[in-house]
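Only one structure is covered here, and it is reproduced in the block below.
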Amino acid sequence: MPKGQQATTVLDYYTQRYRHSGQATWQHRIEAGQVLLNNQPTPPDTFLSPGQRLSYHRPPWEEPPVPLDIETIYEDDVLLAVHKPSGLPVLPGGNFLHHTLLWQLRQRASSASPIHRLGRGTSGIMLLAKTKAARAHLSQQLRQRRLGKVYRTLIGPTKNLSDRFSITHPIGKIPYPQLGYVYGANAEGVEAHSDCAVVGRSADATLLDVTILTGRPHQIRIHLAALGYPLLGDPLYVPGGQPHPESTAIPSDCGYWLHAHQLSFVHPAGQGLTLTCEPPPELCV
């Protein structure tokens with residue numbers, strides 16, 4: 001405890017100083033012996049004195065299991081493109097740190113930085129830069145909409161849907177009790193553009209290729225739901241492009257079929273590249 005600080009209990013010290021956890025959580029940790037005072041367990045109501053040493057020993061973090069079979073599609077000195085499996089988060093967050101695409105890839109390429117993102121439930125091509133110059137070059141293409149992205153997905157049966165169509169419904173934040181807000185179809189949101197082409201139809205489902213000209217959060221899921229055709233298995237979005245009113249799902253929940261099938265861009269060295277990633281059997285013609 002720093003000298004000159006007003007006397008306080010161990011529980012109050014942690015509750016007031018580390019507000020990422022509530023009082024009940026800190027009390028449980030202290031009573032479980034995870035907080036040591038001068039290297040010894042201590043009750044939560046112990047008053048601190050100047051010169052004492054406090055330390056918090058967090059138990060090992062057990063992350064949920066995820067698929068970690070990350071296949072390399074393309075690699076050179078400045079770029080890395082991989083096949084991200086469905087279920088693997090891209091960035092650390094929530095309960096995930098080591099079980100993320102970025103952490104796994106940085107074990108072999110410490111400077112790898114993603115150029116774009118895929119939702120946890122989305123599989124397919126992820127492009128990463130290994131150098132600052134490559135990241136700047138590709139990020140500019142992304143901002144200028146010169147990074148071509150084609151996805152494969154599955155929706156319900158569509159007898160009356162045209163073989164080719166576009167969706168331009170704006171996407172923005174909407175209130176959502178579980179998280180405060182989520183993104184959804186919102187007339188006051190920002191522009192979003194998806195071009196869709198029917199690849200195959202059956203009595204139970206329709207296979208689509210979707211080219212996105214913008215990269216709004218969950219754009220394909222929201223756009224197709226806004227049209228009245230949510231992705232099959234989507235636990236969150238319903239017709240209209242809004243979250244289900246009785247759902248407790250969050251955007252990272254899996255269950256839908258969406259695959260980043262093709263990626264086109266100009267390599268920092270100047271040549272054009274088009275990379276493809278074979279869809280899972282459920283998304284093949």
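Everything quoted here is computed from the prediction, not taken from an experiment.
For the pair Arg29 and Trp26, the distance from NZ or CZ to the six-membered ring centre is under 6.0 Å and the angle to the ring normal is within 45 degrees.
Atom CD of Gln141 is separated from atom CG of Leu127 by 9.0 Å, given to the nearest 0.5 angstrom. In this structure, His261 NE2 and Cys284 SG are separated by 8.5 Å, a value rounded to the nearest 0.5 Å.
Side chain of His223 to main chain of His169: a donor-acceptor pair is present (N/O by atom type, distance under 3.5 Å, no hydrogens or angles). Judged by distance alone, the side chain of Arg216 and the main-chain N or O of Ala192 form no donor-acceptor pair under 3.5 Å. Judged purely by atom type and a 3.5 angstrom limit, Gln242 has no side-chain atom pairing as donor or acceptor with the backbone of Val238. The closest donor-acceptor contact from the side chain of Glu191 to the backbone of Thr214 lies at 3.5 Å or more, if one exists at all. Not one N or O on the side chain of Arg53 forms a donor-acceptor pair closer than 3.5 Å with the backbone of Asn38. One N or O on the side chain of Ser86 and one on the backbone of Gly121 form a donor-acceptor pair closer than 3.5 Å. Of the possible donor and acceptor atoms, one in the side chain of Lys84 sits under 3.5 Å from a partner among the backbone N and O of Gly119.
Side-chain contact between Asp12 and Gln23: present, with at least one pair of heavy atoms (C-beta onward) separated by less than 4.5 Å. With contacts defined as side-chain heavy-atom distances shorter than 4.5 Å, the pair Phe265/Leu142 does not qualify. A heavy-atom distance below 4.5 Å is found between the side chains of Tyr237 and Ile222. The side-chain heavy atoms of Leu236 and His218, taken from C-beta on, include no pair separated by under 4.5 Å. Using a 4.5 Å heavy-atom cutoff, the side chains of Leu36 and Pro41 are in contact. Looking at heavy atoms from C-beta onward, Tyr151 lies out of side-chain contact with Leu283 at the 4.5 angstrom threshold. Taking 4.5 Å as the limit, some side-chain heavy atom of Met126 sits within range of a side-chain heavy atom of His116.
In Arg201, the CZ atom is crowded: over 12 heavy atoms of neighbouring residues, nucleotides or ligands sit closer than 6.0 Å. Summarising the local packing, OH of Tyr74 is surrounded by more than 12 heavy atoms from other residues, nucleotides or ligands at distances under 6.0 Å. For Gln144, the CD atom is densely surrounded, since the number of other residues' heavy atoms within 6.0 Å is greater than 12. Atom NE2 of His28 has 12 or fewer heavy atoms from other residues, nucleotides or ligands within 6.0 Å. Within 6.0 Å of the OH atom in Tyr56, the count of heavy atoms belonging to other residues, nucleotides or ligands exceeds 12. The neighbour count for Glu62 CD, taken as heavy atoms of other residues, nucleotides or ligands under 6.0 Å away, does not exceed 12. The neighbour count for Asp77 CG, taken as heavy atoms of other residues, nucleotides or ligands under 6.0 Å away, does not exceed 12. Other residues, nucleotides and ligands contribute at most 12 non-hydrogen atoms within 6.0 Å of the CZ atom of Arg19.
Screening residues 127-144 for salt bridge (Lys or Arg N to Asp or Glu O under 4.0 Å), with sequence neighbours left out, gives Glu75-Lys130. Listed by first then second residue, pairs satisfying salt bridge (Lys or Arg N to Asp or Glu O under 4.0 Å) with a partner in residues 232-253 read Arg221-Asp234, not counting sequence neighbours.
Nearest heavy-atom pair, Pro85 versus Asp69, reported as atom, atom and distance to 0.1 Å: CG-OD1, 3.8 Å. A pairwise comparison of heavy atoms in Gly156 and Thr206 identifies O-OG1, 2.9 Å as the closest pair. Considering all non-hydrogen atoms of both residues, Leu102 and Ala112 come closest at CD1-O, 3.6 Å. Heavy-atom minimum distance, Val66 versus Pro89: CG1-CD, 4.2 Å. In terms of heavy-atom proximity, Ala260 sits nearest to Thr122 at N-CG2, 4.4 Å.
Remark: the Gln219 side chain and the Ser194 side chain contain an N/O donor-acceptor pair separated by less than 3.5 Å. Ser123 and His259 share a donor-acceptor pair across their side chains, judged by distance under 3.5 Å alone.
Transitive grouping of hydrophobic side chains (ILVMFWY, heavy atoms separated by less than 4.5 Å) brings Leu88 and Leu80 into a common cluster. Residue Val182 is not grouped with residue Leu224 when hydrophobic side chains (ILVMFWY) are merged at heavy-atom distances under 4.5 angstrom, including chains of intermediate members. Hydrophobic clustering (ILVMFWY, side-chain heavy atoms < 4.5 Å, transitive): Ile73 and Leu68 are in distinct clusters. The hydrophobic cluster containing Val210 does not contain Val150, counting ILVMFWY residues as joined when their side-chain heavy atoms lie under 4.5 angstrom apart, directly or transitively. If you chain together hydrophobic residues whose side chains sit under 4.5 Å apart, Leu128 and Leu263 never meet in one group.
Of the residues Asp209, Leu208, Leu207, the one that meets the side-chain contact (heavy atoms from CB on, under 4.5 Å) test with Thr153 is Leu208.
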Step-by-step side chain to side chain donor-acceptor pair (under 3.5 Å) determination, Arg17 to Thr8: CA-CA 11 Å; Arg17 192 177 182 90; Thr8 186; over 6 Å; no
